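Comments concern the structure below.
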Amino acid sequence: MADTSFMEKLVALCRRRGFIFQSSEIYGGIGGFWDYGPLGVELKRNIKDAWWHDHVTNPPLGPDGDEIQMVGLDCSIIMNPKVWEASGHATGFADPMQTCRHCKKLFRADQVKPQLQDAEWYKELCGLWAPGDHAPINALRRWAEKRGPRMAPGLALVRDTDAVLQAIGQVRVDSGGRDPQAERFFSHYIFGADGEHFASDACPNCGGDLTEPRMFNLMFESHAGAVQSDDNKVYLRPETAQGIFANFKNVLDTSRVKIPFGIAQVGKAFRNEINPRNFTFRSREFEQMEIEFFCREEDAMDWYQFWRHQRYNWYVNLGLKSDKLRLRDQGKEELAHYSKACADIEYLFPFSDEHQELEGCAHRGNFDLTQHAQHSGKDLSYFDDEAWQRDAAKFADNKDAAKAAKEKPPYRFLPTVIEPSAGADRAALAFLCEAYTEDSKPDAKGVMQTRVYMRFHPRLAPIKAAFFPLVNKEGMPDLAYQLYRDAKQHMNVFYDDGGSIGRRYARMDEAGTPFCVTIDGDTIKPDGENAGTVTIRDRDTLEQVRVRTGDVVGWLRARVGSGQAP
RNA sequence: GCGGGUGUAGCUCAGUGGUAGAGCGUCACGUUGCCAACGUGAAUGUCGUGGGUUCAAGUCCCAUCACCCGCUCCA
């Protein structure tokens with residue numbers, strides 16, 4: 001069950017604590033665009049840094065136990081428009097849509113006919129007469145009065161039976177099969193808003209008439225150069241992946257990578273969503289973390305399996321431990337025509353009853369490189385020199401055969417691509433939802449108090465630790481500040497001496513800070529059991545341990561991760 | 001894009017055509033002895049925006065924008 005009140009509380013906390021603001025808020029906002037505040041930017045940076053670190057700087061071991069080869073890339077957002085012709089976005093991202101005037105449902109124009117043929121009311125109506133008959137006025141009237149109102153309340157025949165039947169009565173239905181004659185009959189004389197004007201299509205849901213198809217182009221357009229014309233029209237990229245494919249040859253020629261290897265990119269992408277919704281989930285400007293992993297076709301299924309597990313585990317290890325996260329293999333009917341397999345990593349967000357996609361791991365075959373090779377006219381094939389050197393001796397005595405063999409697999413080929421493509425903002429939203437926790441328990445006066453805290457993985461937490469003097473006297477603030485300064489060399493930490501200690505803990509709980517270091521009377525004592533130690537309080541368990549002042553930074557670093565290789 | 005709902009301080013909300021309010025939070029000072037303590041004081045509003053009706057509009061009317069709920073979507 002979708003929990004909208006949960007979502008409202010989370011959105012309120014994000015706003016209150018400075019995680020996420022609506023873009024351009026002082027001007028009334030703008031739909032589908034969001035700003036990350038001081039805490040949000042740290043969270044998102046930590047997510048992107050963790051991703052980059054775990055896949056590029058320090059990539060995992062592959063199925064064979066060897067480290068995976070990965071390199072990074074940062075492409076421009078605006079590219080030559082031909083890129084989008086080659087990728088299919090120029091056409092595939094521009095779907096004409098139609099709305100039903102009666103029930104207001106929205107349809108992709110190319111889906112109306114197939115859906116119509118599946119509609120029960122349509123099938124019944126088609127079954128009312130045999131080929132070559134005159135229009136079965138009486139049967140139509142009976143149907144319109146009995147079954148029509150329930151099955152197709154929007155149909156003109158149902159809403160305005162007399163007028164439509166009168167129009168139909170003047171028309172002779174010529175001989176011929178039920179299709180296409182019947183289809184034409186229906187489309188011209190039964191689906192209409194009124195007696196004078198008949199629409200050509202009917203709503204598969206209710207039979208009502210549809211608006212003209214309208215284009216929804218999901219790519220943002222701009223112009224390169226001061227003068228706007230069709231000649232210099234450009235697009236903001238709808239995905240970062242195409243920049244990787246377009247640079248495939250450059251990376252190959254300059255980085256000494258050998259197949260199998262991956263190219264990773266983190267960057268903004270833009271989609272002019274019809275209806276942005278659900279906080280930052282469907283934004284018009286968003287950030288992707290994408291890998292294109294190039295391999296031999298015969299190894300591709302193994303790499304596909306590897307990446308889909310790898311990427312799923314990455315989310316689990318960073319805190320999406322609940323059963324809300326799932327790995328779902330797409331059915332055959334969902335796959336793009338060139339794709340052999342695709343798995344979605346999905347999260348059950350509180351705003352929905354259905355799991356929503358965080359990331360897609362797709363086996364794309366060599367579709368993208370093929371497309372770009374064709375459209376650019378450039379050779380994007382890979383030559384496996386190692387394999388050739390191994391086999392060259394076989395062709396030693398036949399130069400022509402050698403030349404021919406070198407141009408074909410297994411020596412020269414277009415690599416197959418496995419694409420783990422993740423949404424950074426969706427990941428951030430999932431981590432925020434998963435982290436949000438409420439505890440209720442009575443306070444000292446017996447009044448129930450709700451504690452709200454963000455249970456981020458320490459690696460993702462915007463602030464790693466806070467430093468408090470228990471009270472502002474006896475040198476505690478100075479010592480706390482000094483420890484804070486020491487820790488700040490290594491991680492993002494926060495100093496606070498305002499308000500009661502409980503309030504300061506609560507503030508850090510909402511920010512998701514995993515550890516609070518408190519300097520108390522024992523810290524400043526020259527001797528005694530706890531002399532020279534501070535308390536470190538755990539955000540989730542509320543437990544405190546005493547740690548020597550000199551060990552605090554090391555203690556924290558061991559637990560929060562520094563973003564560097566462990 | 002279409003239908004329904006909402007919009008007043010950072011947050012939650014009151015305000016029934018006549019002076020812009022409360023609680024919480026924030027800030028300052030005092031206090032403080034481990035989980036949103038207390039005292040004193042302070043700052044904070046294009047009442048979403050623009051028009052209209054009216055002597056007078058947060059309140060009535062129109063338009064518009066944003067958000068929420070559906071239709072649709074897939075990083």
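Numbers restart at 1 for each chain; the letters A, B, ... are given by sequence-line order, proteins then strands. Just so it is clear, the model here is predicted, and its values are computed rather than measured. These values consider heavy atoms only, across backbone and side chains, with no hydrogens, waters or symmetry-generated copies.
Looking at which nucleotide of RNA chain B each of A/R328 and A/N472 is closest to, the 5′-most match is held by A/N472.
Using a distance-only test at 3.5 Å, with no hydrogens or angles considered, a donor-acceptor pair links the side chain of A/K464 to the main chain of A/P458.
Checked against B/U32, B/A75, B/C35, the side chain of A/K473 finds its nearest nucleotide in B/U32. Here the side chain of A/L542 is nearest to one of B/A75, B/A37, B/C35, namely B/C35. Side-chain proximity of A/N278 to the nucleotides B/C74, B/A36, B/C69 is greatest for B/C69. Nearest to the side chain of A/S421, among B/A75, B/U32, B/C34, sits B/A75.
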- request: Fill in the dot-bracket string of RNA chain B, one character per base: . for unpaired, | for a pair to another strand, ( ) or [ ] for pairs within the strand, taking Watson-Crick or G-U pairs under 3.5 Å.
  value: (((((((..((((....[..)))).(((((.......))))).....(((((..]....))))))))))))....
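Under 4.0 angstrom from either OP1 or OP2 of B/C74 there lies no side-chain N or O belonging to A/R426.
The same atom, C1', is picked in B/G33 and in B/C38; the two are 15 Å apart, to the nearest Å. Between B/G15 and B/G1, the distance separating the two C1' atoms is 37 Å to the nearest Å. Straight-line distance between the C1' atoms of B/U19 and B/U26: roughly 27 Å, to the nearest whole Å. Look at the P atom in both B/G39 and B/C47: the space between them is 33 Å, to the nearest Å.
Annotation: side chain to side chain contact (heavy atoms under 4.5 Å, CB included) contacts of A/T518 (sequence neighbours excluded): A/F468, A/L470, A/I501, A/Y505, A/T535.
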I'd like a table of atom pairs between the protein and nucleotides 39-49 of chain B - only N or O on both sides, under 3.5 Å - with the distance next to each one.
unit_1, atom_1, unit_2, atom_2, d
B/U46, O4, A/I26, O, 2.8

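In this structure, A/R328 and A/H355 have side chains that are not in contact, with every pair of non-hydrogen atoms separated by 4.5 Å or more. The closest side-chain heavy-atom distance from A/E510 to A/R16 is below 4.5 Å. Put simply, the side chain of A/N46 does not reach to within 4.5 Å of the side chain of A/W51, judged on heavy atoms. Annotation: side chain of A/F245 is not in contact with side chain of A/S87 (no heavy-atom distance under 4.5 Å).
Residue ring and base: A/F286 counts as stacked with B/A75 (centre distance below 5.5 Å, interplanar angle below 30°).
With hydrogens and angles left out, the side chain of A/R451 and the base of B/C35 share no donor-acceptor pair within 3.5 Å. The base of B/A36 is paired with the side chain of A/E510 by a donor and an acceptor separated by under 3.5 Å.
Aromatic rings from A/F467 and A/Y481 are positioned such that their centres are separated by 6.0 Å or more.
Inspection of the A/Y347 and A/E434 side chains reveals an N or O donor paired with an N or O acceptor under 3.5 Å.
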field: A/Y315 vs A/E359, side chain to side chain donor-acceptor pair (under 3.5 Å): CA-CA, chis, key distance, verdict
entry: CA-CA 10 Å; A/Y315 290 101; A/E359 171 162 352; 2.7 Å; yes
